[in-house]
K.L.:
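Let me give you the structure first, and then I'll get to my questions.
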Amino acid sequence: MKNIKHIERLQRLHNLIKMECTGSPSEVAFRLGISERTVYYLIEQLKDYEAQIGYDRSRKTYFYKDDFVLEVNFSICIGAHDHVMEILDGSYLKGNRFHPQH
């Protein structure tokens, strides 16, 4: 589940950057409940995905220099041969949906 938590953090940071309301690196770290070092790591990862990210010292916020879209979709299915439970949207269980496996 560490990967899901990482993706959720990445998406939360992306949303703050998109709204241009991150605050300073230490402030965004506090908001996300992570270390400042992790903030820099997540920003580097977004840059690896070709996001053009800048920082405005006067407004104390990160921002995208160009349009950038981060859309995350995934589904996890667990279960036995005759029943599969589908977990959607990261770490949130959406009901107890059981789907017979074909």
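Start at 1 with the first residue, then count along the sequence.
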K.L.:
Quick check for you: to the nearest 0.5 Å, what is the distance between Glu8 atom CD and Leu13 atom CG?
P.N.:
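Rounded to the nearest 0.5 Å, the CD-CG separation comes to 14.0 Å.
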
K.L.:
Walk me through whether Glu71 and Gln11 qualify under side chain to side chain contact (heavy atoms under 4.5 Å, CB included).
P.N.:
CA-CA 8 Å; Glu71 185 175 322; Gln11 191 164 23; over 6 Å; no

K.L.:
Taking atom CZ of Arg12 and atom CD1 of Ile34, what is their separation to the nearest 0.5 Å?
P.N.:
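Between Arg12 CZ and Ile34 CD1, I get 8.5 Å after rounding to 0.5 Å.
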
K.L.:
Taking only residues two or more places apart in sequence, or in another chain, which ones meet Phe30 in a ring-ring contact (aromatic ring centres under 6.0 Å, His included)?
P.N.:
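If we apply the ring-ring contact (aromatic ring centres under 6.0 Å, His included) test to Phe30, skipping adjacent residues, there are no hits.
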
K.L.:
Would you mind listing every salt bridge (Lys or Arg N to Asp or Glu O under 4.0 Å) that reaches into residues 56-65, with sequence neighbours excluded?
P.N.:
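Sorted pair list: Glu20-Arg59, Asp56-Arg59.
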
K.L.:
For Asp48, is the CG atom crowded, meaning more than 12 foreign heavy atoms sit under 6.0 Å from it?
P.N.:
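Yes, CG of Asp48 has more than 12 neighbouring heavy atoms, counting only those of other groups under 6.0 Å.
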
K.L.:
Considering non-hydrogen atoms only, spot the tightest contact between Cys21 and Arg31 and give its length.
P.N.:
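Between these two residues, the closest heavy atoms are O-NH1, 2.5 Å.
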
K.L.:
Do Glu44 and Tyr40 have side chains that approach each other closer than 4.5 Å (heavy atoms only, starting at C-beta)?
P.N.:
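Side-chain contact under 4.5 Å: no.
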
K.L.:
Grab the two heavy atoms, one from Pro25 and one from Tyr62, that are nearest each other, plus how far apart they are.
P.N.:
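Looks like CG-OH, 3.4 Å.
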
K.L.:
In the single-linkage hydrophobic clustering (I, L, V, M, F, W, Y; side-chain heavy atoms under 4.5 Å), do Leu46 and Met19 co-cluster?
P.N.:
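Yes, Leu46 and Met19 fall within the same hydrophobic cluster.
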
K.L.:
Measure the spacing between CG of Asn15 and CG of Leu10 and express it to the nearest 0.5 Å.
P.N.:
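Here the rounded value is 10.0 Å.
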
K.L.:
Please tell me if the side chains of Ser35 and Tyr41 come closer than 4.5 Å, counting only heavy atoms from C-beta onward.
P.N.:
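Answer no - side chains too far apart.
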
K.L.:
Any chance you could measure Ile17, atom CD1, to Tyr64, atom OH, to the nearest 0.5 Å?
P.N.:
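Answer rounded to 0.5 Å: 4.0 Å.
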
K.L.:
Answer whether the closest heavy-atom distance between the side chains of Leu32 and Leu16 falls below 4.5 Å.
P.N.:
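Yes; the side chains approach each other to less than 4.5 Å.
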
K.L.:
Is it possible for you to say whether Val28 and Phe63 belong to one hydrophobic cluster, with membership spreading through side-chain heavy-atom contacts below 4.5 Å?
P.N.:
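No; tracing contacts between hydrophobic side chains, which count when under 4.5 Å, never links both residues.
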
K.L.:
Indicate yes or no: at least one non-hydrogen side-chain atom of Tyr49 is less than 4.5 angstrom from one of Phe68.
P.N.:
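Tyr49 vs Phe68: side chains touch.
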
K.L.:
Quick one: CG on Leu42 to CD1 on Ile7, what's the gap to the nearest 0.5 Å?
P.N.:
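The CG atom of Leu42 sits 11.5 Å away from the CD1 atom of Ile7.
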
K.L.:
Can you tell me how far the OG1 atom of Thr38 sits from the CZ atom of Arg9, to the nearest 0.5 Å?
P.N.:
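Result: 6.5 Å between the selected atoms.
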
